[in-house]
Amino acid sequence: MSHMPDSAIPTRNVDVVVIGAGPAGLMCAAGLRERESADVVLLDREPQPGGLPAQCEHRGFGLWQFKRLMRGVDFAARLIRRAERARVNIQTNTTVLSVSQERETLAVSPDGLVRYRARAVVLATGCRELARSALTVAGSRPAGIFNTGPVQRLHTFMHVAPGREAVIVGSDDMSLMATQSLIGQGVRVRAVLEERPYRLGYMGLEWLLLRSRRIPLLLRHKILQIQGAGRVSGLRVTALDATGAPTGEPFEIPCDTLIFSGEFVPENVLTRQSGLALDPHTLGPRVDQNFQTDVRGIFACGNLIHAADAADHAVQDGAETAAAIARYLNAENAEPLLTQEIIAGQGIHAVVPQLLRRYDSRPLSAHLALRVDHAQAVVRVDARAEKQVWGRSFALVAKPHRSIYLDIAAAHPTQAPLIVSAHGRALVPQEFRQTEWRAPTTS
Amino acid sequence: MNEPFDFLVIGAGLVGCALARELARYEARVAVVEQNWDVGDGVSKGNSSILHTGFDAKPGTLEARLVSEGHRLWNEQADELGVPIERVGAVMLALDEEQLQALARYFENAHKNGVKDVERLSAEQALARVPHANPAALGGLWIPRESITCTFTACIALAEHAAVNGAQFFLGARVTNIERIEGLYRVTTTQGQHYARWLANSAGLWGDTIAGMLGRNGFTITSRKGEFLILDKTARAYVPHILLPVPTRISKGILAAPTLNGNVLLGPTADDIEDKNDTSVSADGLGRARRGALQLMPVLAHEPVVATYAGLRPASSTGEYVLEVDAQTNQIVTAGIRSTGLSAAPAIALEVMRRLGAAGALPHLKKSLVPRPVRVWATGRVRPCFDPSRLCENPDFGQILCLCETVSRAEITQAIHAPIPATTLDGIKKRTWATAGRCQGFYCTAAIMQTMSDELGRPLTALTKRGPGSEVIAPDEPHA
Ligand SMILES: Cc1cc2nc3c(=O)[nH]c(=O)nc-3n(C[C@H](O)[C@H](O)[C@H](O)COP(=O)(O)OP(=O)(O)OC[C@H]3O[C@@H](n4cnc5c(N)ncnc54)[C@H](O)[C@@H]3O)c2cc1C
Ligand SMILES: Cc1cc2nc3c(=O)[nH]c(=O)nc-3n(C[C@H](O)[C@H](O)[C@H](O)COP(=O)(O)OP(=O)(O)OC[C@H]3O[C@@H](n4cnc5c(N)ncnc54)[C@H](O)[C@@H]3O)c2cc1C
């Protein structure tokens with residue numbers, strides 16, 4: 001892409017380049033230093049490491065990794081300390097512009113351009129929300145429309161609230177937590193809208209908190225039109241029937257702020273541009289059980305391969321990727337003996353990893369992250385190859401926007417695809433009481 | 001009384017800015033008053049950014065002549081103005097027998113308009129040029145000089161060239177009243193009064209309102225909305241050329257075009273609407289824009305949409321361009337510049353100069369002109385962060401604020417300190433494309449606001465999307 005002679009750009013040789021200093025990247029880089037004392041450089045475009053959690057003041061992190069509920073900033077600080085103790089070379093304010101299939105990484109910072117040549121490259125660039133216009137919501141283009149990302153940043157770094165009266169679109173845990181931090185800032189949340197007949201999030205606690213504040217969650221509702229000339233002044237909203245068609249009289253919710261949340265997609269700028277194979281279901285790069293993509297020596301982990309899963313899982317990914325890269329660095333040219341596809345079967349929309357690669361005939365185990373294709377309750381999940389069960393698990397509730405997990409173990413090498421399926425009963429909307437919209441009495 | 005201007009232009013759209021730029025070549029005091037807080041925020045903001053050759057215009061009309069001349073002028077002046085143009089060429093596709101016959105007529109029409117390099121294409125030839133076009137195409141027309149540009153840059157460049165040569169821009173000043181006092185016009189705006197000897201009505205959709213203030217009622221302007229979708233950059237590979245449908249009686253029809261930024265544009269629709277401020281998009285309109293474009297190229301169905309917008313065509317009741325220079329009353333009118341004004345703007349301005357010259361109303365030319373200051377980046381060009389020598393010059397080139405479009409802090413500060421400064425978030429977006437990419441500001445909005453606040457010396461709460469009333473952060477302190 002550069003039109004300059006290559007010689008003008010300094011080149012550095014390292015063992016591993018990790019792109020993205022979020023939970024996944026920090027943990028991967030720290031893990032590599034701890035086990036291999038490999039030469040690792042960790043790059044992030046932000047002025048501080050920590051990824052998304054470093055921008056979150058709400059207490060929703062770490063239950064699984066650190067056994068207690070922490071603020072995002074504290075969660076990030078713990079991981080940063082660990083990486084610093086392991087003496088990871090962290091370069092912030094450094095944006096990666098491109099990664100080639102030959103593992104050359106071009107990065108730019110206020111100090112200039114640098115080209116890194118590495119034996120392994122890790123993409124840990126996280127995910128982002130789909131913008132409103134990508135969702136093609138009708139209406140005018142006033143100020144006051146946000147995603148949760150900028151709202152969190154304005155709050156955490158600049159200490160300002162986006163507005164006074166907000167409506168949130170999306171019922172994911174992230175939206176609900178965003179709601180909470182808005183309330184903390186004195187913003188009145190008028191309603192949370194969700195097109196689906198059920199709430200996306202899992203965390204009952206968060207939801208109860210909103211309920212106790214009498215914030216209506218309008219399931220099966222959508223925006224017909226955004227109103228307002230300069231600034232958002234209100235929304236025209238309709239209820240939806242079972243087929244998703246508008247039903248009943250549309251009504252208006254006055255508000256000055258509209259926050260879209262919950263539709264997360266992998267941050268794929270680099271993945272696409274470097275030509276890595278993408279999985280059509282996760283929309284992130286295809287990986288094997290070692291987090292290796294279809295290009296040798298290029299790895300991917302964290303929210304980039306399963307968008308919007310909890311930060312704890314990104315940490316876990318990072319640790320496992322470090323272990324896998326350590327093995328890789330000792331056997332860079334090993335060819336897989338056997339490659340096996342993992343396929344989303346009945347009830348499943350997406351699987352990570354999408355591939356098992358075997359380098360020897362030893363028994364193999366792996367963690368799978370799965371997304372169901374519709375909301376289900378009392379779900380039995382299994383993975384089978386040639387009718388043999390390689391793993392089973394159970395979930396009380398499974399919804400399409402968060403992964404459920406399945407550990408598999410296989411003794412016998414085979415090329416037959418591993419098929420993952422989920423069987424549960426469909427979540428009936430009645431299980432979740434729907435709140436009606438009532439115009440607030442003007443006080 | 002303020003010293004009178006020799007020429008006062010109402011409206012800083014493409015036409016008004018082109019006019020101001022031509023006038024600024026003369027020893028004259030020139031002013032432009034604009035109700036919006038940036039130039040080019042009216043009709044000129046929402047178009048297809050295509051530089052037309054005029055092959056399909058009605059032969060013999062003023063529009064046909066001015067579009068053709070405008071195309072030539074843009075190509076001659078683009079480099080010095082810093083306006084990027086990419087000559088991608090257009091393929092008009094016929095999808096049924098009737099359209100195939102119409103193609104023959106367009107071929108002749110193009111020749112009548114002096115566009116002699118059009119070629120007829122067989123179905124195979126058309127598909128060879130655009131391999132992913134609808135395989136049901138029966139034939140096509142190749143118009144090699146149809147080009148793409150960036151309407152934002154075009155308008156800003158014209159305005160800046162005028163500004164560095166002395167034209168004064170009054171933004172956020174809506175004209176509310178015009179009187180004639182002792183041979184001068186007194187123009188009252190929401191931000192004070194100005195006097196002028198000559199008045200140019202280049203008010204786009206409100207051309208009739210301004211004409212009304214002047215007691216002229218020769219025409220009315222209605223707005224015809226066009227809705228667009230922008231597809232992600234992955235779609236660009238499918239669309240090597242502008243893909244045109246065979247026009248209908250009411251509009252040029254819905255096209256699919258590459259953009260300079262590497263995306264693909266689908267649209268526009270054409271719907272007459274009442275409200276001249278209504279640039280909202282609708283599910284119905286976007287649906288029609290999408291379906292229309294998919295007829296030309298079905299594979300685009302799978303490409304993600306990154307943005308949507310709508311533009312309003314100012315359609316005059318006369319059905320044509322209204323262009324008048326009246327030396328009796330010292331009035332200039334450019335109105336009803338409906339769907340070709342980007343292409344024609346420099347020629348419209350030149351035509352006005354010719355008529356002013358003929359009326360003996362032009363003073364001497366200035367001895368020399370100041371060029372528009374060079375931009376560190378223009379739409380579609382390689383970003384400065386890829387250039388090691390730039391980075392030595394200023395570390396801000398290495399501070400990337402918007403990843404999707406690779407916009408550095410330096411491009412943003414330059415936009416803020418330009419001759420026509422970016423003072424709003426939309427202004428930054430129009431000049432740098434920051435926040436216009438696939439994430440639409442998920443990461444960078446906060447950082448850009450901080451930069452604007454630092455550079456403009458304004459608190460965050462004073463920053464707006466497109467001027468007062470569109471504060472990004474709701475103005476008052478939230479109540480606890
Ligand atoms: C509003 C919100 C609330 C959330 N709340 C919770 C919660 O309460 N609990 C929970 O467990 N999880 C929560 N999450 C999810 C959690 O943030 C993610 O699981 C976690 O951040 C994923 O880590 P990651 O390392 O994969 O990606 P990220 O944390 O997103 O880190 C990716 C990093 O890559 C960097 N990067 C990207 N591209 C480039 C490039 N080209 N060059 C250089 N650097 C680059 C980015 O700057 C970023 O720092 C929330 C997410 C959001 C958006
Ligand atoms: C959907 C669509 C697609 C198009 N595609 C193309 C294309 O591909 N190629 C092409 O060449 N052309 C195209 N056009 C046409 C082109 O955009 C217009 O012809 C051109 O922008 C008109 O410019 P203007 O200066 O006349 O109007 P405007 O840009 O509207 O300028 C008029 C200005 O006057 C201001 N104003 C009005 N009233 C007042 C007042 N009272 N006080 C102060 N200021 C006032 C307005 O705010 C406005 O900024 C398209 C148009 C549309 C709508």
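All values below were derived from every heavy atom in this structure, side-chain atoms included, with hydrogens, water molecules and symmetry-related copies excluded. Naming: A, B, ... by sequence-line order, numbering from 1 per chain.
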(message) Whether A/E46 and A/R153 form a salt bridge (side-chain N of Lys/Arg under 4.0 Å from carboxylate O of Asp/Glu) is what I want to check.
(response) yes
Below 4.5 Å from any heavy atom of chain A, which atoms of [X] appear? Answer side chain, backbone, both or neither.
X	result
B/E227	neither
B/L460	side chain
B/D232	side chain

Heavy-atom distance under 4.5 Å to chain B: side chain of [X], backbone, both or neither?
X	answer
A/V151	neither
A/D256	side chain
A/A107	neither
A/F146	side chain
A/T125	backbone
A/E267	side chain
A/V160	side chain

(request) To the nearest 0.5 Å, tell me how far B/E455 CD sits from B/T423 OG1. (result) 14.0 Å
(message) Could you measure the distance from the NZ atom of B/K225 to the OG atom of B/S282? Nearest 0.5 Å is fine.
(response) 6.0 Å
(request) Compute both the distance and the angle, then confirm whether B/R466 meets the cation-pi test with B/W37: under 6.0 Å from the six-membered ring centre, within 45 degrees of the axis. (result) no
(request) Have a look at B/F386 and tell me which of A/I9, A/V108, A/L97 forms a side chain to side chain contact (heavy atoms under 4.5 Å, CB included) with it. (result) A/L97
(message) Applying the side chain to side chain contact (heavy atoms under 4.5 Å, CB included) criterion to B/N36, which one of B/T424, B/L171, B/D426, B/D41 satisfies it?
(response) B/D41
(request) Go through the steps for B/T308 and A/R141 under the test side chain to side chain donor-acceptor pair (under 3.5 Å), then give the verdict. (result) CA-CA 10 Å; B/T308 59; A/R141 294 269 175 277; 2.4 Å; yes
(request) Report the option among A/A229, A/G112, A/G228, A/P162 that has the most heavy-atom pairs separated by less than 4.5 Å from atoms of chain B. (result) A/P162
(request) Verify salt bridge (charged side-chain N to carboxylate O under 4.0 Å, His left out) between B/K465 and B/E471, making sure each step is shown before the conclusion. (result) CA-CA 6 Å; B/K465 182 166 156 59; B/E471 281 68 22; over 6 Å; no
